[in-house]
Amino acid sequence: MIIPRELIEDAKQRMGDNAAVIIAHDLGFEQFDERNFRALCYWHKENTPSLVWNQKDKYYHCFGCSRKYDIIDHYMDFYNLTFIGAMERLFEETGIEFKFGEKHVKTKREYRYPYREDGDKTKVYEYYALRKISKETLDYCDVGADEQGNAVFHYYDTNDVLTTVKYRPSRKLKKGETKMWCQKHADTTQLLFNMNRINPSQPLLICEGESDVMAAIESGYKNVVSVPFGAGTEGWIEECWDWLEQFEKIIIWSDNDTEGAKMKKSIMPRLGQWRCYDVDPPTTVEIDGELKRVKDINEVLYFYGKEKVLSVITDAKETPITNVIDLADIQDFDWENSEGLYSGFDEFDGWIHKFFFGCLCVITGINSSGKSVLVNQMCIAEPLNQGYDVFVFAEELAKPQLKSWIEWNFAGRKNIRMIDGQFKKIKPGIKELITDWYKGKVTFYDNDADHTATAILAKMEELARRRGVKVFVIDNLMKVDLECSSDNIWQRQKEFTIKLVNFANKYNALVFLVAHPRKTEMIRRLSKLDISGSGDITNLASYVMAIHRYTKEEKEKTDYDCVIDLFKNRITGTQDKSLDIYFDTISYRFWTDKGHLNRKYGWEKEGKQLEYDPF
């Protein structure tokens, strides 16, 4: 349930300055001046009143500790209400009509909702007391216990419905011991922990673990949530998209490790760089004369105390100005660890290493050269097999035909039956396994949708931010409406290509752009100069390649079916290389050896359970 922001602000304005008096009397403000709405700060010690009521925006602000506190915070804090409960009370008191019909209603059909754990919390209280987290904070966050005394974290959706339950032992873990698990026989959803107690008119703090949420709350900052399954998973952005869109300011405090740094770099563009703020917490602490790493919010609380945690949050800074970089701050390029996509052809990858994310790759080839099959295999099947979702704009082939070609590639020749030597059918049961594997991972642009460059780029940005899609295929440039006349088509092609390059860089994505060649008088191998349109297309790309299908005459001199020509490779510099490949008409796979021809895709491989430790 998302309550419109304008209704929230309207309710606060209707209550007006009465809210200042209610808060002051409930909390017992010292030296409260009812005329000027000033008092000694309730949250830190001071001798001169610095807590002042903002009459325009209707909240208290302490100029000493930077605390902000409005009537919604007060109802949640003082009366122990969730956000929905606080809004029900506020709307009732201010006469605003709003239907809260979905509250506590389980809206997901066939979802196996978990149950609450209300065991003896003695062990939980004792363990977290060692981590400087109080009983009051544990109760505020609705942390429970199971029969064995393990800590239980209850995740609620915005309708206050219990949707996910996680567990952690209430003791220091041994090396290799299971750190976290979810409730058996119950489903899970990528919600944010504590999101049902968040005031959207205040800055949101996002961290990595439940203990970090509790550490921030213990320190006095309650508008905090944590990601559900560690830094490496980002499904929570799409799951909570509408809810996250409410916030004008989001503070990111990820863990002080490699995964935390990757998380911050990845989610900030998706959440919106313009509203994301970064923190500068202490990263080390001296213990017995040695410097030890300080990993997260809970450890800052443990080693440095509540005031330090709160000051780190309130001192969060806007992310650096974009488009300008100090040369000294540029990191060396890490060939091995930089994210990228392997082509699937070993020799080709030996030249480029991999298609690095943040780049544009241009692919060309004459009609019937195998261009579409190569795109299906290298730009759709390979990304899926390597764990990346794909967006495809393809308008030359019908979607059912494209789907068949891709599924044949996934299935492999051993799982395809030929009917009358011509028609192909994937073996019973295999097609379902394949569909279940790629479901939700490949998105095709709707044929009936707006084909303008503006609309396509907007959809790409939405998918990159909301769903974390990393690989984008535009097949082909001629089918994109560049919103211009023929007089300035070359300029618009250049502008569109620049936008694709900027998009790839901004979202650390990989964009494949298919560009048709200029018309030729005969069937022949192409060069990069044969690509139709502005020469800026190839100049702007990091990779330029073509595929050529050998003619009947050429086949007399070679056993291969096609050749891939690498014209440009800006990253490693190796270019002007050619790779001969075979084509299998049954599976629609290109291959160079039997290993490539018979390779297994993800639907055939055994899955692995991933563990993480948010503590």
Side-chain angles (χ1 to χ4, degrees), residues 8-9 11-13 15-81 83 86 90 132-134 136-137 140-141 194 197-207 212-225 247-253 275 277-282 297 300-301 304-318:
I8 298 174
E9 294 304 320
K12 290 169 66 176
Q13 292 298 326
M15 177 162 277
D17 295 337
N18 289 333
V21 178
I22 292 172
I23 294 171
H25 287 173
D26 281 348
L27 298 183
F29 283 173
E30 295 182 24
Q31 297 185 28
F32 179 56
D33 180 349
E34 292 200 25
R35 173 175 293 184
N36 298 307
F37 303 119
R38 298 175 66 93
L40 292 177
C41 182
Y42 178 79
W43 296 280
H44 83 284
K45 294 181 179 180
E46 61 178 6
N47 297 320
T48 303
S50 61
L51 186 67
V52 181
W53 179 251
N54 184 315
Q55 291 185 295
K56 177 183 177 183
D57 296 320
K58 309 304 178 188
Y59 63 80
Y60 276 108
H61 175 228
C62 177
F63 288 90
C65 68
S66 300
R67 181 71 176 257
K68 290 184 178 180
Y69 193 83
D70 67 9
I71 192 65
I72 301 171
D73 297 316
H74 185 63
Y75 285 166
M76 289 194 292
D77 190 14
F78 190 75
Y79 296 102
N80 194 28
L81 299 174
F83 175 70
L90 181 59
K132 304 296 180 80
I133 294 174
S134 66
E136 290 72 23
T137 295
Y140 176 85
C141 293
N194 195 48
R197 291 181 176 273
I198 298 298
N199 182 351
S201 61
Q202 301 279 18
L204 175 69
L205 172 64
I206 298 179
C207 56
D212 295 324
V213 167
M214 295 188 290
I217 291 172
E218 186 74 27
S219 302
Y221 197 89
K222 294 189 173 182
N223 231 47
V224 54
V225 295
F247 297 92
E248 294 181 355
K249 179 178 178 179
I250 297 177
I251 304 167
I252 310 297
W253 190 340
R275 60 172 175 164
Y277 286 64
D278 198 5
V279 295
D280 185 23
I297 304 178
V300 174
L301 170 65
Y304 288 91
K306 299 178 182 180
E307 290 186 2
K308 185 62 177 178
V309 172
L310 196 58
S311 68
V312 169
I313 297 170
T314 55
D315 291 341
K317 299 292 189 297
E318 291 182 87

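No experiment lies behind these values; they were computed from the predicted model shown. In what follows, every heavy atom counts, from backbone to side chain, and hydrogens, waters and symmetry copies are set aside.
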Any heavy-atom pair between the side chains of Y42 and Y60 that's under 4.5 Å?
no
Let me confirm one number: the CE-CD1 distance from M15 to I71, rounded to the nearest 0.5 Å.
5.0 Å
Side-chain (N54) to main-chain (Y59) donor-acceptor, under 3.5 angstrom
no
Does some side-chain heavy atom of L301 sit less than 4.5 Å from a side-chain heavy atom of K308?
no
Just how far is it from atom CD of Q202 to atom CD1 of I72, taken to the nearest 0.5 Å?
8.5 Å
Taking the side chain as every heavy atom from C-beta outward, state whether Y221 and I297 have any atom pair closer than 4.5 Å.
no
Check whether D33 reaches the backbone of R38 with its side chain - one donor and one acceptor, N or O, closer than 3.5 Å.
no
For A215 versus I133, what's the shortest heavy-atom pair and its separation?
N-CD1, 4.1 Å
Flag yes if more than 12 heavy atoms outside Y304 fall under 6.0 Å of its OH atom; otherwise flag no.
yes
Under the side chain to side chain contact (heavy atoms under 4.5 Å, CB included) rule, what do W253 and V312 come out as? Steps first, then yes or no, please.
CA-CA 9 Å; W253 190 340; V312 169; 3.6 Å; yes
Determine yes or no for a side-chain-to-main-chain donor-acceptor pair under 3.5 angstrom, with E46 supplying the side chain and C41 the backbone.
yes
Just verifying a value: how many Å separate L205 CG and I250 CD1, rounded to the nearest 0.5 Å?
10.5 Å
Heavy atoms from other residues, nucleotides or ligands near CD of E9 exceed 12 (cutoff 6.0 Å):
yes
To the nearest 0.5 Å, atom CD1 of I251 lies from atom CD1 of I313 at 7.0 Å
Can you list everything that forms a salt bridge (Lys or Arg N to Asp or Glu O under 4.0 Å) with D73? Sequence neighbours excluded, please.
none
From N194 atom CG to L204 atom CG, the distance as rounded to the nearest 0.5 Å
9.5 Å
For the student: nearest non-hydrogen atoms of K317 and D315, plus distance:
NZ-O, 2.8 Å
Would you mind reporting whether K222 and I217 have side-chain heavy atoms less than 4.5 Å apart?
yes
Begin with the C-alpha distance, continue with both residues' side-chain angles, and end with the deciding distance and a verdict on side chain to side chain contact (heavy atoms under 4.5 Å, CB included) for W53 and K58.
CA-CA 7 Å; W53 179 251; K58 309 304 178 188; 3.8 Å; yes
Where is the tightest heavy-atom contact between F37 and Q55, given as atom of each residue plus distance?
CE1-NE2, 3.6 Å
So K68 and H61, do their side chains get closer than 4.5 Å, heavy atoms only?
yes
Going from NZ on K56 to CD on Q13, what distance comes out if it is rounded to the nearest 0.5 angstrom?
9.5 Å
Any idea which heavy atoms bring C207 and D212 closest together, and the distance?
SG-CB, 3.5 Å
Do Y69 and D77 touch side chain to side chain, with heavy atoms closer than 4.5 Å?
yes
For residues 18-30, run the donor-acceptor check on the side chains, cut-off 3.5 Å, and write out each pair with its distance to 0.1 Å, sequence neighbours left out.
unit_1 : atom_1 : unit_2 : atom_2 : d
H25    : NE2    : E34    : OE2    : 3.4
D26    : OD2    : H74    : NE2    : 2.8
D26    : OD2    : Y79    : OH     : 3.0

Would N223 and F247 count as a side chain to side chain contact (heavy atoms under 4.5 Å, CB included) here? Give the steps.
CA-CA 11 Å; N223 231 47; F247 297 92; 4.3 Å; yes
What is the minimum heavy-atom distance between M214 and T137, and which atoms define it?
O-CG2, 3.5 Å
Is there a donor-acceptor pair under 3.5 Å between the side chain of E218 and the backbone N or O of K306?
no
What are the two closest non-hydrogen atoms of V224 and I198, and how far apart are they?
N-CD1, 3.4 Å
Could you check N199 against Y75 for side chain to side chain contact (heavy atoms under 4.5 Å, CB included), going step by step and ending with a plain yes or no?
CA-CA 11 Å; N199 182 351; Y75 285 166; over 6 Å; no
